[in-house]
Amino acid sequence: MKKALITSLLTVVAVMAATASSVTFDYVSGIEGQRACLRLPNGDKEVKALLYCHQNMTEEVLFRSERFTAAMDTLGVAMAFIQQGSQDWDVKKGCQERFETIVTDFARATDHPELAEAPVIPFGHSAQATFPWNFAAWNPERTLCIISFHGDAPRTNLCGYGRENIEWGRTRNIDRIPGLMVEGEYEWWEARVRPALAFRMMYPESRISFLCDAGKGHFDLCEETQDYIARFIAKSLADPRPEGGCHYPRWSEDGTESTDPHDMFWYHDEEMVALTRARYEESRGKEMQYLSARVNGDTIHYNADSHIKLNATIDPDAEFTVEPIFVDETRATECDAHARVRPRVVIVSGPVIRTGDYTFRYDPEYFGADPKRLWSGITLSIEADGDSTYKSAVQELNLRLQRNPR
């Protein structure tokens, strides 16, 4: 790679923590607190597309995932991670110009000039889940496909960032651009799904796919769902503006499959329908199991009224432990009613490095010790697979950073 071409706004830096080591981005562009980080496909491949993520939470999971990044390498997809990106993609506030500057900088600073014009896959989670639809509406020729994760429908009236959506106007649309909305079973809100179905009926040339992330919540991004997203991207690369496709009914907990066309979502083909059906059937009809955690030996109180239900404080100067435990429905008492599996702790976001299965340390170089980093804490996901009796289980945990007095 031609690192001699790096401009004054670019620097090479390792910025994120992974399971066993640090994830190194090839280039970082921008100013303090507004960095744009690029991961190129391994193997010096031509860049076929650019996965463009705005920092919220689970976007980081994709960059830490050896499984997902290997899939993107195979497809020739570069990955960009944007700090403090626009939540609504309001072009009156300069987000379009910033995007053009970022991709131009990346193209100039690498052996990949094709980045300047590469098809874009906007991806956003939760508060950033509206932006992918709006990006596509303003950049339809540039958009390969759209992924709104644990997020929003196009033109939703329930934006994840909690404010009003922007107006597309009469001349903008996302016709024939494959779009995927994912909503977790444990975060289910019917009012978020209905606008997606209404949009598909109002715009019959739209290509809106939907996955109920069965057995999952709001903060987690499991390997099965990573695989599903990677397959969706592969299908979109093979057929960027599909004429046909298949239809399959929306998720229902009891397994009833509606035949009403108003309840149908679009899918690339029968393979994607089969993957969707398999995810649904894996979770239906099983019992719940519940998780909590001990942090440095102390069981964490479950706060049902908090957005993140488990919260604790750790000293960033000391290694710390997070031990998953199975609990009953109250989340207050340990119990044996669970699948016979070993639960795991998954890093979602924040300045942390794993040192063992359940041991971690603070990462002082997270985003290059950027003082304007979005998050002041660490978010983890406690997860356990299901079995023939129990659904899979997830529980989010936030760790605040507070140094102990010496």
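Not measured: the values here are computed from a predicted model.
Seen from the ring of Trp189, Arg194 does not count as a face-on cation partner, given the 6.0 Å and 45° thresholds. For the pair Arg155 and Trp133, the cation-pi test (distance below 6.0 Å, angle within 45°) is failed. The cationic group of Arg200 does not satisfy the cation-pi geometry with Trp266, failing either the under 6.0 Å distance to the six-membered ring centre or the 45° limit from the ring axis.
Listed by chain and number, the residues in a side chain to side chain donor-acceptor pair (under 3.5 Å) with Thr276 are Tyr228 (sequence neighbours excluded). Contacts of Tyr302 classified as side chain to side chain donor-acceptor pair (under 3.5 Å), with partners at least two apart in sequence or in another chain: none. Residues passing the side chain to side chain donor-acceptor pair (under 3.5 Å) test with Lys286, sequence neighbours excluded: Glu282. Phe210 pairs by the ring-ring contact (aromatic ring centres under 6.0 Å, His included) definition with Trp188, Phe265, not counting sequence neighbours. Not counting sequence neighbours, the partners of Asp387 by the side chain to side chain contact (heavy atoms under 4.5 Å, CB included) test are Ala339, Thr389, Tyr390. In this structure Thr74 satisfies the side chain to side chain donor-acceptor pair (under 3.5 Å) test with no other residue, sequence neighbours excluded.
Side-chain contact check for Asp357 and Thr359: no donor-acceptor pair (N or O, by modelled atom type) lies under 3.5 Å. Defined by atom type and a distance below 3.5 Å, a donor-acceptor pair is present between the side-chain atoms of Ser381 and Glu383. There is a side-chain donor-acceptor pair under 3.5 Å between Ser236 and His268.
A salt bridge is defined here as a Lys NZ or Arg NE, NH1 or NH2 lying under 4.0 Å from an Asp or Glu carboxylate O, and Asp269 with Lys235 meets this definition. Salt bridge Arg279/Asp213: present, at least one basic N to carboxylate O contact under 4.0 Å. With respect to the salt-bridge test (charged N to carboxylate O, under 4.0 angstrom), the residues Arg294 and Glu334 qualify. Using a cutoff of 4.0 Å between basic side-chain nitrogens and carboxylate oxygens, Arg39 and Asp26 are not scored as salt-bridged. Look at Arg98 and Glu100 and you find no salt bridge, because none of the NZ, NE, NH1 or NH2 atoms lies under 4.0 Å from a carboxylate O. The residues Asp385 and Arg342 are annotated as not salt-bridged, no charged nitrogen and carboxylate oxygen being separated by less than 4.0 angstrom. Using a 4.0 Å cut-off between charged nitrogen and carboxylate oxygen, Glu223 and Arg67 count as a salt-bridge pair. Under the 4.0 Å criterion applied to side-chain N and carboxylate O atoms, Lys216 and Glu187 are not assigned as salt-bridge partners. Between Arg241 and Asp175, no side-chain nitrogen of the basic residue sits less than 4.0 Å from a carboxylate oxygen of the acidic one, so the salt-bridge criterion is not met. At a threshold of 4.0 Å, the pair Asp317-Arg403 counts as salt-bridged, since one of the basic side-chain nitrogens sits closer than that to a carboxylate oxygen.
Ring-plane geometry between Trp89 and Tyr52 is classed as perpendicular, the angle between the planes exceeding 60 degrees on a 0 to 90 degree scale with a lower cut at 30. Note on ring orientation: taking the six-membered ring where Trp is involved, the planes of Phe326 and His338 are parallel (angle under 30°, cut-offs 30° and 60°). A parallel orientation is assigned to the rings of Phe81 and Phe25, their planes being inclined by less than 30° (bins at 30° and 60°). Below 30°, between 30° and 60°, or above 60°: for His54 and Phe131 the angle between ring planes is below 30°, a parallel geometry.
In this structure, Glu164 places its CD atom where only 12 or fewer heavy-atom neighbours from other residues, nucleotides or ligands lie under 6.0 Å away. For NE2 of His247, the number of neighbouring non-hydrogen atoms (other residues, nucleotides, ligands) closer than 6.0 Å is greater than 12. Atom CD of Glu329 has 12 or fewer neighbouring heavy atoms from other residues, nucleotides or ligands inside a 6.0 Å radius.
Separating the CG atom in Leu115 from the CG atom in Asp105 is a distance of 11.5 Å, to the nearest 0.5 Å. Taking CZ of Arg331 as the reference point, atom CD1 of Ile300 lies at 15.5 Å (rounded to 0.5 Å). His125 NE2 to Ser148 OG: the interatomic distance, rounded to the nearest 0.5 Å, is 9.5 Å. Remark: Arg250 CZ to Glu257 CD distance equals 12.5 Å, nearest 0.5 Å. Taken to the nearest 0.5 Å, the OH atom of Tyr290 stands 9.0 Å off from the CG atom of Asp328. Taken to the nearest 0.5 Å, the CD atom of Glu396 stands 11.0 Å off from the CG atom of Leu291.
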Start with the C-alpha gap between Gln87 and Asn56, add the side-chain angles, then the distance that decides, and say whether side chain to side chain donor-acceptor pair (under 3.5 Å) holds. CA-CA 9 Å; Gln87 291 179 326; Asn56 184 54; 5.5 Å; no
Any chance you could lay out the side chain to side chain contact (heavy atoms under 4.5 Å, CB included) test for Leu197 and Asp263, step after step, and finish with the verdict? CA-CA 7 Å; Leu197 289 164; Asp263 288 334; 4.3 Å; yes
Begin from the C-alpha positions of Thr58 and His150 and carry the test side chain to side chain donor-acceptor pair (under 3.5 Å) through to its verdict. CA-CA 10 Å; Thr58 59; His150 290 176; 5.9 Å; no
Set out, in order, the CA-CA distance, both residues' side-chain angles and the distance that settles side chain to side chain contact (heavy atoms under 4.5 Å, CB included) for Cys145 and Leu180, then state yes or no. CA-CA 8 Å; Cys145 61; Leu180 173 62; over 6 Å; no
As a quick check of understanding, evaluate side chain to side chain contact (heavy atoms under 4.5 Å, CB included) for Gln402 and Arg400, giving each step before the final call. CA-CA 6 Å; Gln402 180 177 308; Arg400 298 178 293 269; 5.9 Å; no
Evaluate the side chain to side chain contact (heavy atoms under 4.5 Å, CB included) criterion for residues Ser126 and His218: first the C-alpha distance (whole Å), next the side-chain angles of each, then the deciding distance (0.1 Å), finally the verdict. CA-CA 8 Å; Ser126 190; His218 181 68; 2.8 Å; yes
Derivation of the side chain to side chain donor-acceptor pair (under 3.5 Å) call for Glu185 and Ser283: CA-CA 9 Å; Glu185 179 182 357; Ser283 183; 2.8 Å; yes
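The backbone N or O of Cys222 lies less than 3.5 Å from no partner atom in the side chain of Asp220, so there is not a single donor-acceptor pair. Judged by distance alone, the side chain of Lys309 and the main-chain N or O of Ala304 form a donor-acceptor pair under 3.5 Å. Ser306 places a side-chain N or O within 3.5 Å of a backbone atom of Ile308 that can act as its donor or acceptor partner. Checking side-chain atoms of Ser292 against main-chain N and O of Ile325 turns up no donor-acceptor pair under 3.5 Å. Between the side chain of Arg284 and the backbone N or O of Ser252 there is at least one donor-acceptor pair closer than 3.5 Å.
The closest side-chain heavy-atom distance from Trp138 to Arg172 is below 4.5 Å.
Among all heavy-atom pairs drawn from Ile174 and Ala137, the shortest one is CG2-N, 3.8 Å. For the pair Asn173 and Pro140, the tightest heavy-atom approach, listed with the atom from each and the gap, is O-CB, 4.3 Å. Annotation for Ala136 and Thr143: closest pair CA-OG1, 3.4 Å, computed over non-hydrogen atoms. The two residues Leu158 and Asp152 come nearest to each other via the heavy atoms O-OD1, 3.4 Å. Residues Ala230 and Met72 approach most closely at CB-CE, 3.9 Å, considering heavy atoms.
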